[in-house]
Amino acid sequence: MEKSIKVHVKDALQKLYNVDPDDLNIEIEKTREGFEGDFTLVVFPFLKYSKKAPEQTAKEIGAYLRSKMPEIASYNVIKGFLNLVMTQEYWIDKLNYLISTDFSFFKNTGKNIMIEFSSPNTNKPLHLGHIRNNLLGDSISRLIAETGNNVIKVNLINDRGIHICKSMLAWQKWKKDLNPENTGKKGDKLVGDFYVLFEKENKKQIQELIDQGLTKEEAENTPLMQETREMLRKWESNDPEIMKIWKMMNSWVYAGFEKTYSNLGITFDKIYYESQTYLLGKEIVEKGLEKGIFYREADNSVWIDLTNEGLDKKLLLRSDGTTVYMTQDLGTAVQRFQEFNPYLIIYVVGNEQEYHFKVLKKILEKLYPEYAERIFHLSYGMVELPEGKMKSREGKVVDADDLIEEMIQTATEIANENGKVNNLPEEEKSRILKIIALGALKYYILKVDPKKQIVFNPAESIDFAGNTGPFIQYTHARIYSILRKADEMKIKFKGKINSETEIVTKEINLISLLSEYESVVAKAAKNFDPGSIANYVYNLAKEFNQYYHDYTILKEQDPKVLQLRLMLCKQIAATIGKSMNLLGIEVPEIM
RNA sequence: GGUCCAGUAGCUCAGUUGGAUAGAGCAACUGCCUUCUAAGCAGUAGGUCUCAGGUUCGAUUCCUGACUGGACUACCA
């Protein structure tokens, strides 16, 4: 509709003031709360054409639009704002249209879009920081898929390197009799404990060496670290004993991760392991050397000089010929472009790696310009505790599994007080409680702008009332309760709503919100911003709750109005469900 | 030092190509459950949109400069 109004405004300006329509950029806004009208045109930008006062200009345009568009019931002018009031029929037709399209707004683009997220280390259990990453990655995948693209979700697991050897060494030295079966511990937690144990013992050794008079730097080369490095060398030369330990401990960790992912409802299309990709990129380095983009130092290490681009010199190959993170990432990127020809690769990675991705892009620009513009770093803010950063090696983290468990506890307590789920079979009850708990958690994380850092205070629990996931889920359950009762009462509500049906302002507001769904989703997908979906669905739920409070639905006597109300309810529930699904949040029918 | 991000109510956050009276939730206080689910609804109170300039009919929004907080600036990943 806004489009149609825009076209007519263009005509109006052309006819009334002889404006060349090509230099016009017309914006139609929703009329602000507190003013009469549905759509608003700000006429200030057109005064230079009309050479008349704002009021006069607005009136002339208003009169023109009114004469050309039967959907406009009336208009009013306040200062430079032209407010248009649409007819009842317009809004009812709009609702009929929305019901008939069944959310099929987006055509298939045929584009492959790859999104990399999660990317955990195998020596640390998942914590709240990973949850933010996973939820952002999952929700953005859904948004991109919804808007007609083929999404390839990938996870690159960091399963090698010196830090992994630390956990392995701790197990081998001190905990060799432990495994997930005999401890009853999740495998990722167990391995995480080994890592913490290593750091603790290593710290002790450092202190001992300092006490013996070594400098801090010298002291860091502890016997334990020497053993660890020896282990890494053995790993790299495929030592059978070390490989066996490595594979065993990895399998423990993956089983643990899988449980957390499944709890969060997260899946991947492809999992990459760094142990299989870390040698990639060497050929690219050769190519860069040939082209003179990289250079070799006297000690044989390979670098790129980006000081002219406002960055620094960056290492690409160590003096011993081994690769670094950047080399690997170059290799995996090129491999992915060659394998999937993605239109875009999105990396969901924290803002602490902005520099890395800037450099990656620069290098690609020089070597593979056609790929460089197709990578995008979706940088998000860290999740911190009130006392600062979460530190896995010190055990100062908000553990993902524990947090989910706590949320389920809270949801259970609230439901026991006032929920409707208590009479349900135990299995169904716990399924719904989990949906609510995860709804609260996911919404809490996703509603804030990804760029902003989140300070999470474990002492203050995540809310279940107000602007929260459960509030929206509750609204959905309320609507379903009405629809169930309508069914019991044998009320039929199908087909088109009669355009003559009487409609109230609240209903118009709701239809107007429903009709924004398409543009909200399109924009959210374009900006990779799940938060705007969260805001939208919250406003919709809030508006519905007011309507629910002010009007009865099932007791409505006028059959036409009853049909309108039920159809509207159904469409609202569907839109809430769709929107929440884009956030990866399920909606219950009872709660 | 340099680069990037953020700064809006006591707290957590919306507010996107500059538009009318800056909005929610939480916390506080007051009402509303014999009537479709009170995880709800209505109301009271709470603001120098960090500060100072600039651009213009108009700036929370754009520009410049400060201030505050965070991230990065590794032969770790």
Side-chain angles (χ1 to χ4, degrees), chain A residues 25 27 29 31-35 40 42-45 47 54 78-81 83 119 121 156 158 160-164 274 278 297 299 301-303 310-312 314-320 322-326 328-329 350-356 358-359 379-382 384 388-389 411 414-415 417-420 436 440 444 447-449 451-455 457 460 463-475 477-486 489 523 527 529 531-532 534-535 538-539 541-542 545-556 565 569 590-591:
Chain A
N25 184 17
E27 282 306 316
E29 300 165 22
T31 299
R32 212 188 151 115
E33 196 80 26
F35 297 92
T40 294
V42 182
V43 302
F44 290 109
L47 301 185
I78 300 167
K79 292 195 247 174
F81 299 90
N83 299 320
S119 304
N121 275 355
L156 174 58
N158 179 357
R160 66 166 286 278
I162 194 100
H163 48 292
I164 311 297
E274 208 196 295
Y278 81 108
E297 284 281 358
D299 67 358
S301 57
V302 177
W303 298 75
L311 300 165
D312 292 302
K314 191 81 193 172
L315 179 87
L316 288 155
L317 221 51
R318 293 193 187 95
S319 43
D320 62 5
T322 57
T323 60
V324 292
Y325 183 32
M326 185 59 70
Q328 298 164 33
D329 248 7
N351 61 13
E352 57 192 358
Q353 288 191 33
E354 266 168 26
Y355 187 79
H356 170 81
K358 241 184 228 169
V359 173
S379 164
Y380 64 91
M382 297 284 102
E384 297 198 357
K389 259 190 147 172
I414 294 170
E417 266 174 52
N418 48 21
K420 308 279 176 203
I436 296 167
Y444 171 82
K447 77 170 175 179
V448 318
D449 181 343
K451 276 192 303 233
K452 286 191 175 172
Q453 112 176 322
I454 293 181
V455 177
N457 187 347
E460 295 165 15
D463 284 325
F464 283 71
N467 186 356
T468 66
F471 169 85
I472 298 159
Q473 292 171 320
Y474 176 76
T475 309
R478 262 186 159 175
I479 297 174
Y480 261 82
S481 174
I482 295 172
L483 297 178
R484 269 195 305 275
K485 291 218 160 89
M489 292 159 74
K523 203 168 172 184
N527 297 336
D529 177 25
S532 54
N535 278 321
Y538 172 68
N539 286 328
K542 197 171 165 52
N545 278 319
Q546 291 170 5
Y547 174 61
Y548 176 90
H549 184 264
D550 295 346
Y551 297 90
T552 55
I553 290 153
L554 294 170
K555 285 187 183 161
E556 176 55 45
R565 291 190 174 174
C569 282
I590 295 176
M591 71 182 272

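Please read all numbers here as calculations on a predicted model, not as lab measurements. Residue numbers begin at 1 in each chain, while the letters A, B, ... track the order of the sequences.
- Summarising the geometry, the separation between NZ on A:Lys447 and C1' on B:rU12 is reported as 6 Å, rounded to the nearest angstrom.
- An aromatic stacking contact links A:Phe81 with the base of B:rA20, defined here by ring centres under 5.5 Å apart and ring planes under 30° from parallel.
- Put simply, A:Lys451 has no side-chain N or O that comes within less than 4.0 Å of OP1 or OP2 on B:rG70.
- One can place CE of A:Met489 at 15 Å from P of B:rU35, the figure rounded to the nearest angstrom.
- B:rA52 and B:rA45 have their C1' atoms separated by 32 Å, given to the nearest Å.
- For the 3.5 Å distance criterion, the side chains of A:Tyr474 and A:Asn545 fail to qualify, holding no donor opposite an acceptor.
- If you measure from atom CD1 of A:Ile472 to atom P of B:rA39, you get 16 Å, rounded to the nearest angstrom.
- Going from atom CG of A:Asp550 over to atom P of B:rU35 covers 18 Å, rounded to whole Å.
- Distance check on atom C1': B:rU61 versus B:rG25 gives 23 Å, rounded to whole Å.
- Regarding the sugar-base torsion, B:rC33 falls in the syn class, its angle being within 90° of 0.
- Between A:Phe471 atom CZ and B:rA38 atom C1' the separation is 12 Å, expressed in whole Å.
- The C1' atoms of B:rU50 and B:rG69 are separated by 12 Å, rounded to the nearest whole Å.
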| query | For RNA chain B, what dot-bracket results from Watson-Crick or G-U pairs at under 3.5 Å, with [ ] for crossers and | for inter-strand partners? | reply | (((((((..((((.....[...)))).(((((.......))))).....(((((..]....))))))))))))....

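- Taking atom CD1 of residue A:Ile454 and atom C1' of nucleotide B:rA14, one finds them 14 Å apart after rounding to whole Å.
- The line from OH of A:Tyr547 to CZ of A:Arg565 is 4.5 Å long, rounded to the nearest 0.5 Å.
- Stacking here means ring centres nearer than 5.5 Å and ring planes tilted less than 30 degrees, and by that measure A:Tyr474 does not stack onto B:rG40.
- If you check distances only, the side chain of A:Ser532 never reaches the base of B:rA14 with a donor-acceptor pair under 3.5 Å.
- With rounding to whole Å, A:Lys420 atom NZ is found 16 Å from B:rC33 atom P.
- Nucleotides B:rU21 and B:rC26, compared at atom P, are 28 Å apart to the nearest Å.
- Ring orientation note: the planes of A:Phe81 and A:Phe44 are nearly perpendicular, at an angle over 60° on the 30°/60° scale.
- Comparing the C1' positions of B:rC49 and B:rA24 gives a spacing of 16 Å, expressed to the nearest Å.
- With both ends at atom P, the span from B:rG7 to B:rC51 equals 13 Å, rounded to whole Å.
- Of the side-chain N and O atoms in A:Gln453, none sit less than 4.0 angstrom from OP1 or OP2 of B:rC5.
- With no hydrogens or angles considered, no side-chain donor-acceptor pair links A:Asp463 and A:Thr468 at under 3.5 Å.
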